[in-house]
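Written out below as structure tokens is the structure these notes cover.
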Amino acid sequence: MGFRGYFLNRIAIAVAVLFIVLVLNFLIFRVFSPYDPTDMIIDPDFEQATKDRLRAEWGLDRPLFPDQFVLYLKNLLTWNYGRQFDQSKSLIAPQMAWRLRNTLLLLGTATIGVILVGIPLGILAGSRRGSKTDITIIGAGLFTWGVPTFFVQLIWLFVFSATWNSVFGAPLIPRSGVVGLPPPEGLLETLKDVAWHAISPICTLIIAGFGSWALYTRNMMVDALTEDYIQTARAKGVKGRDVLFRHAFRSILPPVATMVALAIPGIVTGAIITESLFGWPGIGAWYINALMNRNHPVAQAVLYNYAVLMIGANLVTDLLYGFLDPRIRVGQRR
Amino acid sequence: MEESVVEIHDLKKYFPIKLGFLKSLTIKLVPEIRAVDGVSFKIAPREVFGLAGESGCGKTTTGRCILRLIEPTNGKILFKGTDLTALASDRMTKLRRKMQIIFQDPYESLNPRMSVYDIIAEPLTIQGIATSADQITKLVSTALEELDLNPPEEFMYRFPHELSGGQRQRVAIARAFVLKPEFIVADEPVSMLDASIRSEVLNLILGLIEETQCAFLYITHDIALTRHICNRIAIMYLGTITEKGPTEKMIQNPLHPYTEALIAAVPVPDPTARRTEIVIKGEVPSPINPPPGCRFHPRCPYAKQKCQEEEPQLVNATKDRYVACHFPLG
Amino acid sequence: MTLLKVENLTMYWEVLRGYVKAVDDVSFSLEKGHSLGLAGESGCGKTSTALAILRLLPYNGRIMGGNIIFNGEELLQMNDQRFQKEIRWKKMSVIFQGAMNALHPIQRIGDQITEAILLHENISKKEAVDRASKLLDLVGIGAERIDRYPHELSGGLKQRTVIAMALACNPDLIFADEPTTALDVIVQAQVLKVIKELQHKLNLSMIMISHDLAMIAETCDEIAIMYAGKIVEYGDVTTIYKKPLHPYTQKLIKAFPSVIGPKTELATIHGFPPDLLKPPPGCRFHPRCPYAMEICRKKDPQSAKVDGKYHSVACYLIGD
Amino acid sequence: MALFRKEKRTIYVRKIKNFWEEFSHNRIGLAGIGILIFYVMVAVFTPYISPMRPTSQEYNPPRSAAMYAMPEWVRIFPQFQDLPPSFEVRLLENVTLVNSTVTDRATLQFDKEALNITFHADAEEEEGSILLHLTAFSYVYAPPSDFKLTTVYYETGNQIRYEIDLFLTTDQQNDIWDEWLEDPTRAVLYTNDRKVTRYPSVDKKIRRSLYAGLMNEQLFAWQYPNDAVQYAFLHPSEMLLSKKGSYDFYLEIKFNSLASTSTCNIHIDTAEVKFFGDVWGLLGSDRVGHDVWAQLIYGVRISLIVGSLAAVLSSVLGISFGVIAGYSGGRTDQIIMRGVDVLLCLPVLPILLILSSYWSFNVYYVILLIAIFGWQGLSRIVRSKVLSLKEVPFIESARAAGATSGYIMTRHIIPNVLPVVMAAMVLAVPGAILTEAALSFLGFGDPSVPTWGRMLYRSRTQGGFESLAWWYVIPPGLAITFLCLAFVFIGHALDEIVNPRLRRRR
């Protein structure tokens, strides 16, 4: 089984997993839910006829299988999602696109930031094993591993928003949103404003998140540096930095890539809290809102997008693994 | 000749190749690794039978199949007349007290979480041979004493990592012999040991074989050492036996070209020895698609047309020697 | 001409409980074009000796004393940069044991060889690649396999790759550390043949480190038998094999079986090698020696020249 | 048997000793153990460390302090020196009669608990008044932000119209009183004006409370004695006690009979002023004036239970599935591992959020769910370890001795898998704690238990930030952090011990 076979195999598994997730996502909101979404809009004591009209409008009057399920599948697979279960009954898709973009902007940047901070620190620590640098990085890494992300964010808000406000009369950091109000004119100004709004959540995510990356990379490096082929490289006269990057780090690149996939669930969790704390209009904050208001199609759509994100990330790392590690063949890994 | 303890007839073991999720749906004929492909031999009590060959020739798989640690694909394994392949698992479990195995690597064959006492006592408790603790302790002590691990109390309560390689291997041997088995498979029992320790361990094994009258299957890649242990040896190549016979005769006068090459490749601890240099080219081919005809023909210096077409059978060459070659050496 | 002269080299491993006396007062010398076998059981200090000479000791290896003179130059005085640039791999290189681990698992073998060349010589990448292909041909892998990854090669070919890599800069001296362990007999013979041919063709000097006396007998001119960190007997191969003087050497040689000649009893040496953290006083072999005398328990025997150019033994049974 | 047991015991004692020997060299690990022991001690001695119990749904104690009162010890800083603590003034302790116009008509009985006044009128339109001095107290703090005055009384009588005034006087020159009060010498706390005409008696106890706290700022109407209602948006409690000095409480009762013979009996059995301090306890108070220290200390138990139970459960699941998948192989393995793939693609927190938005969850359900969604990673590690263990000769050796699969799994595989996954198991604890905290922090946790996540949730949503109530924001976060750190440290140490390559160089 060559590389192509491996490739196809992984895709087949990903598709199967996606289907199961789709079914679960349907069941959890349509079958297990003990609530009638119409109750959130219409007073429970209201006329049944009005309620029924609303249910019909949302397509809840039709049988679960196959009608609702087929519609649900069609909506999600076409990234169309249907209408919200709220007063406005507006389409989900346009807002989803906007919010998904915001979320990806925030979390993508934060993830890259975490990697850019964590991995070099890990390499540094691993290469100077036992030194003060190593111990400091391990200590910092362990500390940030233990501290909850939302606590870092609370402290951040406490200092730069609340305390700053009471001392200087206005908070240092923006309270919410992607851009200020009114939105600034011009592309450059807009970008600057977005960056200003994003910097707090991103910084806190990096502070709270780099530790596990640094520790993981450090342990992998320490492990890799004891390998015989590193001794070979040193004996050949490869210089210190090249030994670290071209030999040791190169060999741990595949598992580090896997770690990216394993980090996705944590990022998703982080998104929900970060977005609601910093008032960032992404899908995480939307999700919480939708849950509270029994706005099921929105919650379903968000959950579906999370799952797609995770399956996609898993798939990409699997393929990346195959690309980075020529030894990869089915059955040889994990 | 005495009645044999173990008889193997036409033993075969094919491993299916693991396929991916997609391919397993599409492909019909699953390719196989022919690890053991028709092997037959007998071992008598007190006899040490050697199975020699390069790695991947199927000698280890043969050993495992005989003890049914791997289910053989085909063939008969007669243990004192009972066919093991047809045996139900509970009866097999009972029979296991009569057959044991010793592994190559003393670092991996002992459970690092168990004390020496537990390791040696384990077969006794599983087989329900000794029930009282005193009885077990006594049997364990005797087993340790028999392997020169004196005084046994000193070794009994240690963990494997507190022993040297030689001591560990002795513990592994003590465990195999504690049940007083009638048949033992030893998979390279001394190849990980240093030369100065090796011969003492071998002597202990030989003494125990003499004492328990068991049949002994000695699996090895070290032809030179078989001279000192084995009464008879069989040489395996790509899952088949190429030559079989008394050790001394085979080493002095090999009949199969492969045996000859194998012996010629063994380094000799004598700088003045004049030797014929036969270094065959290439490496062992894949057992997934073994070469047609004689499996050795692509590497054989004497190969002829017939060797490519027809697979030679293991036939009686002289009185007690068998060879699978169309043109045996003289 | 003496290529390498090691005098009273002492190297200890620093561990929590003290020093492991891995190499203790070891001396030998090697003529250009000759090959020396360092033989002994595992843990006797043979690999440590090589690592000390090549400056590849891990963090806790401490050279406690001695001289290493290579081409008339004292290596222990040389600074690291110069040693790395001009000596190691350029003048003396090493064939590591366990080829499957000595090669980087996800780099092409060609790149690994070229890297070694480019680090030491000022030539273009293309020239380096050319030389790498030639080397691969020389060791019998074939230049066409230059783009292979190690996992695509068999054990024998990997070992040949390691040899080719060691030869990358035309060194004067090669350390071969158990170059054929974990290889099958026939492959082992093939690899040994390659080594012997190269030695002959390139007039290489070699230090072969092995526990297998049979292998050393086939490849080396001289042999040093080590036991527990010390050289107990040293001399040319024929003398040592034919007339061993030290009780350990005598027993060890007889412990190796042979496929030729009449079948002989295998010698046994009772007991186990000592813990080098606390080596026995006096001669380190005395607890296992059948001829041990009172003095052996008290005083460490010094290596003394016996007849001939090289032959020397450290034992009270020999000499005055 | 005796010998057997004794020797066995020594083996295990030695094993543990060796392990401890190894562990005790690891400073980070020791620090972790130290922190953990501290937390466990706190959990064991919770009632002794915090005499107060925290709030929960079932148990809602009276508040102890003003909203977001600072910790008591901040008074060592000069700027907070004057902040008032919580204290109580009992008004009936020392009652004296100041003036009575009707000494012959009225009888007065008072002891420390109660005050009983009877007025008997013989003629219509007969009037009388009694002025009682209740308590004098000196107030030496900054103006309080919150106090509560409570009186409980009942009266019986007929045909008597009476009026009760409770008022405060001070000896200080007080400009605020000057400006705001009609009679700057007395601040009337309340006036009760009852016109009793027909009905003979009311036996019901009447509880009257006066809140003068911040939370009532908008609702509090300052009522002048002359019935003209004016609204003072001045902080009432600050106004009343705007100056340090001594204050006196007076009670004045005026009677006016409507018939010739009429009797009125007024019984006051509680009269007290409770000052809710602006400093309170070790860690101040929360939005509703509850003790933060109690919530923090009781949170230890919950977090330890959540973390350890969820980790144990998920470890059991992870190890069982991993061992079964790895050891059985084939179809079982495929099914389990694909299940793991699916579960890994479901993000834990969002699912927990859905389920707890459907059913309001007990904390044990939360633990169960965390465990159900938390075993997949572990089972992968276990499985791969089992796969490699399966090939190790000692397993085959046991099989050759006749061991069954169950025996091999329990006696050989699990003991050898455990040390490898020990670190992962320990690290599952902070994972579970953090997940529960995140759930509570979003307001979805079990509302009946005091958890640190919930404290943080309240601090964020109930104005803790605006009040800069750092004692409500920081301690719960630090408590979570250090508890997680303890496990992270121990996990790291175990990782170093079990994985020989990471072992510290010696």
Side-chain angles (χ1 to χ4, degrees), chain A residues 13-14 16-18 20-21 24-25 28-29 32-35 129-130 138-139 141-143 145-152 154-155 157-158 161-163 165-166 211 215 219 222-223 226 262 264-265 268-269 272-273 276-277 284 287-288 291-292 294 299 302-303 306-308 310-311 314 334, chain D residues 28 337-339 341-342 344-351 353-359 377 380 383-384 387 427 430 433-435 437-438 441-444 453 456 459-460 464-468 470 473-474 476-478 480-489 492 495-496 499 501-502 504-505:
Chain A
I13 289 171
V17 169
L18 181 67
I20 295 173
V21 167
L24 285 178
N25 191 19
I28 216 166
F29 285 103
F32 298 154
S33 170
Y35 294 99
R129 184 181 183 185
I138 290 179
L142 288 175
F143 189 80
W145 195 349
V147 64
T149 312
F150 58 82
F151 182 52
V152 174
L154 273 183
I155 295 288
L157 284 170
F158 193 76
S161 186
T163 312
N165 188 20
S166 91
L215 284 179
N219 284 358
V222 165
D223 217 3
T226 58
L262 292 176
I264 301 279
V268 167
T269 308
I272 293 180
I273 295 176
S276 32
L277 265 178
Y287 181 74
I288 294 269
L291 283 187
M292 289 182 182
R294 321 245 175 266
V302 172
L303 207 58
Y306 273 151
V308 169
M310 278 160 80
I311 293 170
N314 268 317
R334 276 188 191 140
Chain D
I28 290 181
M337 290 335 279
R338 288 294 87 81
D341 280 349
V342 172
L344 275 177
C345 284
L346 298 174
V348 189
L349 192 68
I351 303 276
L353 287 174
I354 301 171
L355 297 178
S356 38
S357 79
Y358 286 174
W359 302 285
R380 274 196 182 173
R383 175 177 170 269
S384 70
L387 283 183
L427 289 175
I433 292 174
L434 289 179
T435 308
F441 178 70
L442 290 169
F444 284 79
L456 289 171
S459 79
R460 187 172 75 88
F465 273 57
E466 287 74 13
S467 310
L468 297 185
W470 51 264
V473 178
I474 294 172
L478 281 185
I480 299 178
T481 306
F482 278 101
L483 183 56
C484 292
L485 272 187
F487 289 103
V488 168
F489 283 176
H492 177 78
D495 208 16
E496 272 191 348
N499 188 347
R501 281 180 163 185
L502 296 181
R504 298 236 317 283
R505 289 167 171 174

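So you know, we letter chains A, B, ... as the sequences are listed, proteins then strands, and number each from 1.
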Side chain / backbone / both / neither for A:Leu154 at chain D, heavy atoms under 4.5 Å
both

Atom group of A:Ala307 that falls short of 4.5 Å from chain D, counting heavy atoms
both

Who wins among D:Pro430, D:Gly464, D:Ala437 for the most heavy-atom pairs under 4.5 Å with chain A?
D:Ala437

Just give me the residue among A:Ile155, A:Val21, A:Ile138, A:Leu142 that pairs up with chain D most often, heavy atom to heavy atom, under 4.5 Å.
A:Leu142

Minimum-distance pair of heavy atoms, taken over all atoms of A:Met310 and D:Leu344
CE-O, 3.1 Å

Using 0.5 Å steps for rounding, measure from the CG atom of D:Leu468 to the CZ atom of A:Phe158.
5.0 Å

Side chain, backbone, both or neither of A:Ile28 within contact of chain D (heavy atoms, under 4.5 Å)
both

Are D:Val488 and A:Phe143 close enough, and set up right, to give a side-chain contact (heavy atoms from CB on, under 4.5 Å), and what steps lead you there?
CA-CA 8 Å; D:Val488 168; A:Phe143 189 80; over 6 Å; no

Can you tell which of D:Gly477, D:Pro476, D:Cys484 has the highest number of heavy-atom pairs within less than 4.5 Å of chain A?
D:Gly477

D:Ile474, part contacting chain A, at a heavy-atom distance under 4.5 Å
both

Select one option (side chain, backbone, both, neither) describing which atoms of A:Leu303 are under 4.5 Å from chain D's heavy atoms.
side chain

Whatever's closer than 4.5 Å to a heavy atom in chain A on D:Phe444 counts as side chain

Can you tell me which portion of A:Leu24 sits under 4.5 Å from chain D's heavy atoms? Options are side chain, backbone, both or neither.
side chain

Applying a strict 4.5 Å limit to non-hydrogen atoms, the region of D:Pro350 in contact with chain A is both

Which atoms of D:Ile351 come close to chain A, meaning under 4.5 Å heavy atom to heavy atom: side chain ones, backbone ones, both, or neither?
both

Of the backbone (N, CA, C, O) and the side chain (C-beta and beyond), which part of D:Phe465 lies under 4.5 Å from a heavy atom of chain A, both, or neither?
both

Distance, nearest 0.5 Å, that separates CZ of A:Phe151 from CG of D:Leu478:
4.5 Å

For a quick test of reading the model, state the closest non-hydrogen atom pair linking A:Gly146 to D:Leu434 and the distance between them.
O-CD2, 4.2 Å

At a heavy-atom separation under 4.5 Å, does A:Tyr287 approach chain D through its side chain, its backbone, both, or neither?
side chain

Is there a side-chain contact between A:Phe29 and D:Ile354 in this structure, where contact means two heavy atoms from C-beta onward sitting under 4.5 Å apart?
yes

What is the distance from atom NE2 of D:His492 to atom CG of A:Asn219, rounded to the nearest 0.5 Å?
6.5 Å

